[in-house]
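One is the number of the first residue; the rest follow in order along the sequence.
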Amino acid sequence: MTSPRSSRRRLAAGTAVVVVALLSTAACGGGGGGKSDGNAKAPGFNAAVNKVANASDKKGGTLKFIGTQDADSWDPQRGYYGFMWDFARYYTRQLVSFTPEPGLASTTLKPDLATGLAKVEDGGKTYTYTLKDGLKWEDGSPLTSKDVKYGIERIWAQDVISGGPIYLQQVLDPKGEYKGPYKDTSADKLGLKSIETPDDKTIVFRLPKPNSDFEQMLAMPSGSPVPAAKDTAAKYGLKPFSSGPYKFQSYTPNKSMVLVRNTNWSASTDDLRKALPDKITVTLTTNADDMDKRLINGDYDLDLNATGVGQAARAEVLGKNKANADNPDTGFIRYAVFPTTVKPMDNIHCRKAVILAADHKSLQTARGGPQAGGAIAPNMLPLGIKGADGKYDPYNVLKDTTGNVEEAKKELKACGQPNGFKTTIAVRNNKPIEIATAESLQESLKKVGITTELDEFDGAQTSGIIGAPKTVKSKGYGIIIMGWGADFPSGQGFLQPLVDSRFILESGNNNFAEIKDKAIDGLFDQALQQTDANAAAEVYKQINQKVSEGAYYLPFTFEKNIIWRSSRLTNVYTADAYNGRYDYASLGVQ
């Protein structure tokens, strides 16, 4: 998932802020009460990490989000930022979804639109679901199996709604024979043949090959239903049609959003969403300094992007406002990636020179240090994924924390650039913490003669800028600063979009390095044939090693964040299913 899941469960918005003299928050219960609720009391530091803080079933009130970055898209088939996946559960539902419980328990799948988990037959190649009775769209019309099928078919329309995950496309149509609903010229108009809807309550998936992660793929927003009659194609993200407890009242991109109750949603059909607030608002600002100040002052409840308070605000938050803070592991890796289509990054030795010259301690510090930034990452597989090995350190970064200039110079000589080279670092302009990281890398590379310039781009336009290989090449982006969290908790769910050549897209691409290694692709095929998770983990371990050997990535940190919650929030807890974010769909307000 790109971070802001990046995010995407998706990509994540970091901030570095300067907080001016703050109003005394001790008087409002340890901070976060402010104008919202002067009597609310914060439950304590880390009170919501893997456990519920302020448990309550009270309904009513307005839940107020603020953020520095809009979603890449609010279209369920198109969005790939992690915060979008979490937030989308307000207005989308899936056949199955994750359990609304803290920590690791959240990664267990439960039925959502379906009456139960799949009936799996034919050696893991056939999945059958029956829909619940009484499911409705926001206009009161019935939600049918054909709506689920159509929503999933939209994934194939990458030329129109590019950007979202394509796992289901790869699994259900590996040969790419289906052209998507907008180009379906077949006489019968039955759409994708591997999904059958014999009646309005039944949906059957027929996989060419088994895939043990298939149900987890259906739990992503890309598995959401969409009624064909309401599909506005590329504009659908401006006002998605709701199957969940809330619907769009208004949305102005990069400014604001308001969700209100969907009166045609029935709690009797939904065991997973509490739907406590009467209204949910989102305010988007370009001023990260102001955002942190307004959170601490109690004007808003939490940061939509959920990537932590900025550097200058951190001391204030960890001081008298510590009771309003949590410090979870996020499951994200923050990293630099080297597009191999941009010279001289097509040369493995030039890529190795960057990795070896980098000052990893400085990079960690730029991201917030061990507590607010995370541990130095020696490789590209986070510790929560089976197959991860935190001791695998092919470039000795855990030992040479400030870099190895001598070895870097040897690699420069081997790549034919003994005096260094010039390249461009692409970094999102609304993420001060990423800009600080890029500047740290820029400074350390100077030691070996590698000079760089920063090109800051709009993070909300990621899929069409760094996600477009032609644009990356034309702009000469030799280094891209990014982050990633697992789409679902397996080696496939973390690594495949980043390193499998079959996941390279013309737009919405996440394999920024454009790795085209048949050996890596073959190892994924091998892993997916394993029915035992431990056996698959051994294969993912090999993939991680091959990626490291290819020097495509410079990992920075296994991320931790210091995140803010207002004192008036109820049912607050971090969930591993959403990469250590709060489970948005369970939140309420006092």
Sequence-distant partners of P418, side chain to side chain contact (heavy atoms under 4.5 Å, CB included), two or more places apart: none

Those residues that, when tested against Q529, pass side chain to side chain contact (heavy atoms under 4.5 Å, CB included) (two or more places apart): none

Check against ring-ring contact (aromatic ring centres under 6.0 Å, His included), Y578 and F83: CA-CA 8 Å; Y578 303 105; F83 69 83; over 10 Å; no

Which residues pass the salt bridge (charged side-chain N to carboxylate O under 4.0 Å, His left out) test with [X], sequence neighbours left out?
X: K409; value: none
X: D326; value: R565
X: D393; value: none
X: K51; value: none

Identified ring pair (Phe, Tyr, Trp, His ring centres under 6.0 Å) partner of F488 from the options F98, F494, Y167: Y167

Residues which pass side chain to side chain donor-acceptor pair (under 3.5 Å) with E215, listed by chain and number, not counting sequence neighbours: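 Partners of E215 by the side chain to side chain donor-acceptor pair (under 3.5 Å) criterion, ordered by chain and then number, come out as Y129.
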
Counterpart residues, side chain to side chain donor-acceptor pair (under 3.5 Å), relative to S362 (two or more places apart):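 Checked S362 against side chain to side chain donor-acceptor pair (under 3.5 Å); matches are S440.
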
Where G483 and R428 come nearest, the two heavy atoms and their spacing: N-NH2, 4.4 Å

Which pairs of donor and acceptor atoms, one on a side chain in residues 547-558, lie under 3.5 Å apart (sequence neighbours left out)?
{"unit_1": "S548", "atom_1": "OG", "unit_2": "N544", "atom_2": "O", "d": "3.1"}
{"unit_1": "Y553", "atom_1": "OH", "unit_2": "L498", "atom_2": "O", "d": "3.0"}
{"unit_1": "T557", "atom_1": "OG1", "unit_2": "G373", "atom_2": "O", "d": "3.4"}

Residue pairs passing the salt bridge (Lys or Arg N to Asp or Glu O under 4.0 Å) test where at least one lies in residues 512-528, sequence neighbours excluded: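 Residue pairs with at least one partner in residues 512-528: R502-D525.
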
NZ or CZ of R581 within 45° of Y584 ring axis and under 6.0 Å: no

Carboxylate-amine/guanidinium proximity below 4.0 Å for K560 and D329: yes

Residue pairs, two or more places apart or on separate chains, that pass side-chain hydrogen bond (donor to acceptor under 3.5 Å, both in side chains) and touch residues 532-541: K386-N534

Short side-chain donor-acceptor distance under 3.5 Å, Q492 and N211: yes

For residues 465-479, dump all side-chain donor-acceptor pairs below 3.5 Å to protein atoms at least two apart in sequence or in another chain.
{"unit_1": "S474", "atom_1": "OG", "unit_2": "K470", "atom_2": "O", "d": "3.3"}
{"unit_1": "S474", "atom_1": "OG", "unit_2": "T471", "atom_2": "O", "d": "2.9"}
{"unit_1": "Y477", "atom_1": "OH", "unit_2": "D455", "atom_2": "OD2", "d": "2.8"}

